[in-house]
Asks: 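Questions regarding the structure given below will be posed in turn.
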Number of protein chains: 2
Amino acid sequence: MSPPTMEDVARAAGVSRALVSLVMRQAPNVSDERRARVIAAAEELGYRPNAVARSLASRRTHTIGVLLNDLHNPFFADSADGIIEEASSAGYQVLMATGTHVNQSHTAAIESFLNARVDGIILVGPRFTPEQISDMASHVPVLTLGSSSDGHGVDSVKNDEYRGACLAVEHLAGLGHTRITHVSGGRGAGADSRRQGYARAMADLGLADHVDVVVGDFTEESGAEAADELLKRAELPTAVFSANDIQAAGLMGRLAEAGIGVPEMVSVVGYDDTTFAGLYQLSLTTIHQPVAEMGRQSVRSLLDRMVGGRTEPRKLVIEPSLVVRRSTAPPR
Amino acid sequence: MSPPTMEDVARAAGVSRALVSLVMRQAPNVSDERRARVIAAAEELGYRPNAVARSLASRRTHTIGVLLNDLHNPFFADSADGIIEEASSAGYQVLMATGTHVNQSHTAAIESFLNARVDGIILVGPRFTPEQISDMASHVPVLTLGSSSDGHGVDSVKNDEYRGACLAVEHLAGLGHTRITHVSGGRGAGADSRRQGYARAMADLGLADHVDVVVGDFTEESGAEAADELLKRAELPTAVFSANDIQAAGLMGRLAEAGIGVPEMVSVVGYDDTTFAGLYQLSLTTIHQPVAEMGRQSVRSLLDRMVGGRTEPRKLVIEPSLVVRRSTAPPR
DNA sequence: CCAGGCCCTTGGAGCGCTCCAATCAACGGG
DNA sequence: CCCGTTGATTGGAGCGCTCCAAGGGCCTGG
């Protein structure tokens with residue numbers, strides 16, 4: 001009653017088990033006649049190759065482990081989408097785990113990836129120490145996506161956060177803004193570069209005196225809190241560059257509640273160009289990065305290492321772009 | 001140079017391989033002294049149990065396959081989150097696949113789940129024929145989440161769409177609306193029940209004459225198109241019950257572009273209470289279903305079948321609830 | 001007519017683990 | 001003092017596949 005094995009197919013087709021194996025793996029040197037007989041027998045028996053046994057024998061699982069920070073942020077959902085799509089079209093499966101904020105669950109997830117003998121690991125967002133990263137990289141190819149914890153012999157795909165931040169600031173300055181505040185992403189992935197890009201761009205534009213950073217993180221609440229903070233001040237900035245879209249949404253919401261119009265009173269720029277930035281009601285000017293495409297690139301890069309034999313790490317930096325919507329306007 | 005195996009640990013600890021196996025599986029009948037020795041040896045060698053070999057030998061992979069329709073819709077992201085969380089806390093891994101609209105890729109994903117010998121499958125959204133479902137259910141426990149394609153000996157977890165639609169209509173009617181249009185979800189999961197719930201509630205409230213359904217699907221564009229359709233009419237309805245939040249957002253956006261205020265001119269109710277329904281700028285009145293919790297329930301239900309030995313299918317129906325925000329108001 | 005190749009096919013030895021039946025030591029009770 | 005019990009430990013037989021070395025036809029050139 002147990003499902004048919006290769007042995008059963010071989011018997012039914014009157015050939016050896018090895019031959020069935022060759023047919024299943026689409027090996028070239030098999031006569032058409034036998035191939036047909038094997039395929040017919042397999043079909044008849046409802047044979048289904050056992051990927052577990054195959055993995056054990058071949059020492060390759062055709063599986064990549066993906067660790068995401070937070071599926072609720074569309075950013076992660078989009079990258080997951082790109083990853084899954086590319087992986088499955090390359091014949092790979094995706095083992096997915098999410099670290100629920102706690103770093104401990106991250107390491108547990110990695111542990112189970114390694115036990116499962118995944119062929120590669122993609123880290124989307126989570127912060128690990130360099131030791132942790134290189135430790136796992138010693139077992140299996142690792143790629144970080146969008147995160148900044150790289151540089152330890154692992155591949156990485158990210159957008160040029162620095163450049164993106166510059167685009168945002170230049171856009172605002174171009175509109176005539178000078179008092180441009182940045183709400184940071186705190187210790188989140190990419191937050192540092194965005195903050196530095198902001199500072200640098202401000203300096204380059206001669207606005208060094210106006211540099212003003214409110215510490216936040218990548219959540220909606222943090223945006224609302226930042227708004228509260230700003231509202232307490234004697235004078236609002238005329239523009240805000242938010243560390244990401246969700247935070248920007250939280251910020252704009254709170255400002256609206258307080259009767260502060262966007263962009264009439266304050267212009268707002270986000271980052272990521274996630275789904276809802278384009279919603280008519282938000283219409284958020286933001287920095288676009290092709291997240292799904294980056295997910296696909298990640299898989300390709302990893303495959304390149306896993307089967308292509310590349311060994312030196314490859315860092316891919318994607319150029320972000322500015323998307324202007326209605327949340328920005330010249331200052332009054 | 002290959003990673004240490006149980007054999008190596010056994011040798012190092014001076015015990016048999018079987019004993020190491022017992023220790024690794026936390027079996028009870030092992031003397032403390034030997035257990036300690038084995039653990040020490042394993043640690044020393046950096047031993048990592050090979051889950052592939054374990055799966056082959058034990059015929060259980062501790063993996064569940066999850067097939068999602070569309071990660072972009074927060075609904076799916078949320079359920080994925082609940083599923084992953086519960087699965088990993090039960091010691092299970094999640095193999096994730098997304099069907100990219102095309103049904104063919106759905107079946108390919110299922111195929112690879114079965115080849116991987118997953119212990120169970122959760123289908124979130126995709127529509128399969130009853131034959132397909134019962135076919136896969138004959139191999140492995142299957143559960144459908146939020147989908148309507150059940151009833152074939154498989155478990156299911158869903159909210160009471162019917163009831164949810166009633167809640168929406170009753171809310172609008174309670175505000176004084178009579179001309180309530182429904183933009184449907186077309187052939188998507190749950191769309192039928194929502195439409196029927198709408199029709200039934202309208203009838204119960206004596207509004208049968210006003211039943212009016214615009215065919216759409218579960219996307220933002222479809223909402224915009226529905227708005228266009230409505231705008232062509234001589235007279236707008238005073239309220240719209242949208243098949244889901246994203247569609248509602250698209251609809252509201254297009255209405256706003258046309259200068260039609262929500263809720264001043266038209267009230268709008270969505271469905272799902274996805275993340276952005278709560279954004280201040282949308283503030284969409286909608287029907288809430290505890291999606292993440294439903295994801296967790298799905299896993300529990302599946303585990304119950306996989307290890308608990310339950311065989312009769314279990315259908316879990318969750319009561320949805322109404323969340324009133326600012327997109328609804330009495331008609332003018 | 002035979003050696004030398006070239007294809008196709010096959011048996012067998014694992015891959016690293018689980019699980020079962022068998023073994024062994026220790027312990028009381030009759 | 002022997003034997004049944006109980007609990008800890010072990011060898012061995014798989015799990016279903018891949019991979020490799022070797023075998024068997026058959027064709028070709030000398």
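Reminder, nothing fancy here: chain letters follow the sequence lines and each chain counts from 1.
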Asks: Just the rounded figure in Å: distance from P of D:dG12 to CE of B:Met6.
Replies: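 After rounding, the gap between these two atoms is 18 Å.
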Asks: Expressed in angstrom and rounded to an integer, what is the separation of A:Leu22 atom CG from C:dG11 atom C1'?
Replies: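 Taking CG of A:Leu22 and C1' of C:dG11, I get 13 Å after rounding.
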Asks: Go through B:His72 and A:Asp78 one step at a time and tell me if the side chain to side chain donor-acceptor pair (under 3.5 Å) criterion holds.
Replies: CA-CA 7 Å; B:His72 294 93; A:Asp78 287 352; 3.1 Å; yes
Asks: At under 4.0 Å between heavy atoms, what does B:Val52 touch on the DNA or RNA strands: base, sugar-phosphate, or nothing?
Replies: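 Here B:Val52 touches no strand at all.
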Asks: Could you check how far CG of B:Asn50 sits from C1' of C:dC15, rounded to whole Å?
Replies: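 Between C1' of C:dC15 and CG of B:Asn50: 8 Å.
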Asks: The side chain of A:Ala18 lies closest to which of these nucleotides: D:dC17, C:dG16, C:dT10?
Replies: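 Shortest atom-to-atom distance from the side chain points to C:dT10.
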Asks: In whole angstrom, what separates A:Glu7's CD from D:dT18's P?
Replies: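 Computing the A:Glu7:CD to D:dT18:P distance gives 13 Å.
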Asks: May I ask you to test the B:Ile110-B:Gln132 pair for a side-chain heavy-atom distance under 4.5 Å?
Replies: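 Contact flag for B:Ile110/B:Gln132 side chains = no.
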Asks: Does C:dG16 have its OP1 or OP2 closer than 4.0 Å to a side-chain nitrogen or oxygen of B:Thr5?
Replies: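 It does not, given that no N or O in the side chain of B:Thr5 lies less than 4.0 Å from OP1 or OP2 of C:dG16.
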Asks: Working to the nearest 0.5 Å, report the span between CZ of A:Arg37 and CZ of A:Arg34.
Replies: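 Reported value, rounded in 0.5 Å steps: 5.5 Å.
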Asks: Taking 4.0 Å as the cut-off, does a side-chain nitrogen or oxygen of A:Ser21 come that near to OP1 or OP2 on D:dC17?
Replies: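 No, outside the criterion.
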Asks: Name the residue from B:Arg305, B:Gln297, B:Lys315 that meets the side chain to side chain donor-acceptor pair (under 3.5 Å) definition with B:Asp155.
Replies: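 The passing option is B:Arg305.
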Asks: Nearest whole angstrom, please: distance from the C1' of C:dC6 to the CG of A:Asn29.
Replies: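 Result: 10 Å.
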Asks: For B:His62 and C:dT18, give me the distance from atom NE2 to atom C1', rounded to whole Å.
Replies: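 It is 12 Å, rounded to the nearest whole Å.
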Asks: Check the distance between D:dT18's P and A:Leu19's CG and give it to me in whole angstrom.
Replies: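 Between P of D:dT18 and CG of A:Leu19: 13 Å.
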Asks: Both B:Arg17 and B:Glu33 contact DNA chain D. Taking the nearest nucleotide for each, which residue is further toward the 5' end?
Replies: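 Going by which nucleotide is closer to the 5' end, it is B:Glu33.
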Asks: Rounded to the nearest angstrom, tell me the gap between atom CD in B:Gln26 and atom P in D:dA8.
Replies: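 Roughly 16 Å, once rounded to whole Å.
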Asks: Quick check on DNA chain D: between A:Pro3 and A:Arg25, whose nearest nucleotide comes earlier from the 5' end?
Replies: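 The answer here is A:Pro3.
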Asks: B:Arg59 near the nucleic acid: base, sugar-phosphate alone, or nothing, with a heavy-atom cut-off under 4.0 Å?
Replies: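 Here B:Arg59 touches the backbone only, sparing every base.
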Asks: Could you check B:Arg310 against B:Ser301 for side chain to side chain donor-acceptor pair (under 3.5 Å), going step by step and ending with a plain yes or no?
Replies: CA-CA 9 Å; B:Arg310 176 167 57 77; B:Ser301 181; 3.3 Å; yes
Asks: Select base, sugar-phosphate, or nothing to describe what B:Arg34 touches, counting heavy atoms under 4.0 Å on all strands.
Replies: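 Since only primed, P, OP1 and OP2 atoms lie under 4.0 Å of B:Arg34, the category is sugar-phosphate.
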Asks: Does B:Ser31 place a side-chain N or O at less than 4.0 Å from the phosphate oxygens OP1/OP2 of D:dT9?
Replies: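 Checking B:Ser31 against D:dT9: at least one side-chain N or O falls below 4.0 Å of OP1 or OP2.
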Asks: Does B:Ser58 have a side-chain nitrogen or oxygen under 4.0 Å from the phosphate oxygens OP1 or OP2 of C:dT18?
Replies: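 No, because none of the side-chain N or O atoms of B:Ser58 sits under 4.0 Å from OP1 or OP2 of C:dT18.
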